[in-house]
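These notes are about the structure you will find just below.
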Amino acid sequence: MRLATWNVNSIRARVDRIVDFAVREHIDVLAMQEIKCKTDQFPFDRFEEAGFHVAAYGFSQWNGVAIASREPLTNVRTAFPGMPGFEKGHNGPDAPQEARAMGATVGGVEVWSLYVPNGRSLGDPHYYYKLDWLSALQQYTTESLAANPDLALALVGDFNIAPTDADNGDPAVVPGFSTHVSPPEREAFAAFETAGLQDVVRPLIPTGYTYWDYKRLKFPRNEGMRIDFILGSHALADAVTGATIHRDERKGELPSDHVPVVVDLDLEGPDDDDRPMIF
DNA sequence: ATGTCAGAGTTCCTCTGA
């Protein structure tokens, strides 16, 4: 299985290049974030013509997540248990949930397409919403893997966190003043490792960014950030055979400000090697 | 220079979010 994640920054603005990419790169499962449309505005037909099933979820011009898959998606969910909401500048137990998470099972893998809240600025209500949201996701992950330690679980998407200083090449993002690099955000990211997940791309691609702001020639200057990740449980991580960050997708006409991150998975597992050969 | 985008409403500009 070839699994990809991409913050597309509006599916309608660039559906051509997204479907072209999925077909050209033989993507089996494409998790998308920031589709920026309502569910019924999603260009389902364009994906279906190319041979994909799609589940999409959005209810305003902001946020929105989707998963396209060669195989049918089952157990589609539009929130993880305990997912906090946000409304009118404040978070809290009564605030409505946003369209930031979609879970589905495909090919034996539980995949979550995630658009972690941006945080806006340190101390902003949105920043605490971000931390709460990550905490609830970590709790869900911990409980899922406690109940089923061999679950093939993939949390993929735009985490809006640069976990190390090497992941931040944008001089406008300053430790102590900016979101994405603050210790609480980095601790929230590291907590997924405690929960039993690992970044399955970094061992194969130690450096490089996945996002470059549109402003101020950030891409030509390579002042980007690594904020898009594929985190996997041990059952998923054991199956990884390759990874690619498609930096070229930041080039050309109408690019998203993020590029796709892809992993190849051999989910047949070691049992294949034990199977007797029959001639 | 917060120098770019995308979407929607207050529409052929201004606002919000990123």
Quick check, are the ring centers of [X] and [Y] under 6.0 angstrom apart?
{"X": "A:Phe192", "Y": "A:Phe229", "result": "no"}
{"X": "A:Trp133", "Y": "A:Phe80", "result": "yes"}
{"X": "A:Trp6", "Y": "A:Phe21", "result": "yes"}

Determine the interatomic distance between [atom1] on [N] and the same-named atom on [M]; round to the nearest Å.
{"N": "B:dC12", "M": "B:dG7", "atom1": "C1'", "result": "15 Å"}
{"N": "B:dA1", "M": "B:dC13", "atom1": "P", "result": "27 Å"}
{"N": "B:dT10", "M": "B:dC5", "atom1": "P", "result": "26 Å"}
{"N": "B:dT11", "M": "B:dA6", "atom1": "P", "result": "22 Å"}

Check: Given that A:Pro255 and A:Arg100 both sit by DNA chain B, which one's nearest nucleotide is further toward the 5' end?
Finding: A:Pro255
Atom [atom1] of [X] and atom [atom2] of [N]: how far apart are they, to the nearest Å?
{"X": "A:Tyr127", "N": "B:dG17", "atom1": "OH", "atom2": "P", "value": "19 Å"}
{"X": "A:Gln61", "N": "B:dC5", "atom1": "CD", "atom2": "C1'", "value": "14 Å"}
{"X": "A:Glu98", "N": "B:dA18", "atom1": "CD", "atom2": "C1'", "value": "13 Å"}
{"X": "A:Phe42", "N": "B:dA6", "atom1": "CZ", "atom2": "P", "value": "17 Å"}
{"X": "A:Asn118", "N": "B:dG17", "atom1": "CG", "atom2": "P", "value": "11 Å"}
{"X": "A:Glu34", "N": "B:dG7", "atom1": "CD", "atom2": "P", "value": "11 Å"}
{"X": "A:Asn7", "N": "B:dA18", "atom1": "CG", "atom2": "C1'", "value": "9 Å"}
{"X": "A:Lys218", "N": "B:dA1", "atom1": "NZ", "atom2": "C1'", "value": "13 Å"}

Next item on the list: Tell me, with the steps shown, if A:Thr207 and A:Ile205 meet side-chain contact (heavy atoms from CB on, under 4.5 Å).
Entry: CA-CA 6 Å; A:Thr207 62; A:Ile205 309 175; 5.9 Å; no
Notebook entry, point to check: OP1 or OP2 of B:dA8 less than 4.0 angstrom from a side-chain nitrogen or oxygen of A:Arg12, does that happen here?
Noted result: yes
Nearest-neighbour nucleotide for the [X] side chain, [options] considered:
{"X": "A:Arg120", "options": "B:dT16, B:dA18, B:dG7", "answer": "B:dA18"}
{"X": "A:Tyr115", "options": "B:dA18, B:dA8, B:dA6", "answer": "B:dA18"}
{"X": "A:Arg14", "options": "B:dA6, B:dT16, B:dT2", "answer": "B:dA6"}
{"X": "A:Tyr214", "options": "B:dA18, B:dG7, B:dT4", "answer": "B:dT4"}
{"X": "A:Ser10", "options": "B:dG7, B:dT16, B:dG3", "answer": "B:dG7"}
{"X": "A:Asn9", "options": "B:dA8, B:dA6, B:dA18", "answer": "B:dA6"}
{"X": "A:Gln41", "options": "B:dA8, B:dA18, B:dG17", "answer": "B:dA8"}

Check: Aromatic rings A:Trp212 and A:Tyr209: how do their planes relate, parallel, tilted or perpendicular, breaks at 30° and 60°?
Finding: perpendicular
Next item on the list: Classify the nucleic acid contact of A:Leu217 as base, sugar-phosphate or nothing, counting any heavy atom under 4.0 Å across all strands shown.
Entry: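 If one applies the 4.0 Å heavy-atom cut-off, A:Leu217 turns out to touch nothing in the nucleic acid.
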Checklist line | Cation-pi, A:Tyr127 ring and A:Arg120 (6.0 angstrom, 45 degrees) | finding: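 No; the conditions do not both hold, so A:Arg120 does not lie above the ring face of A:Tyr127.
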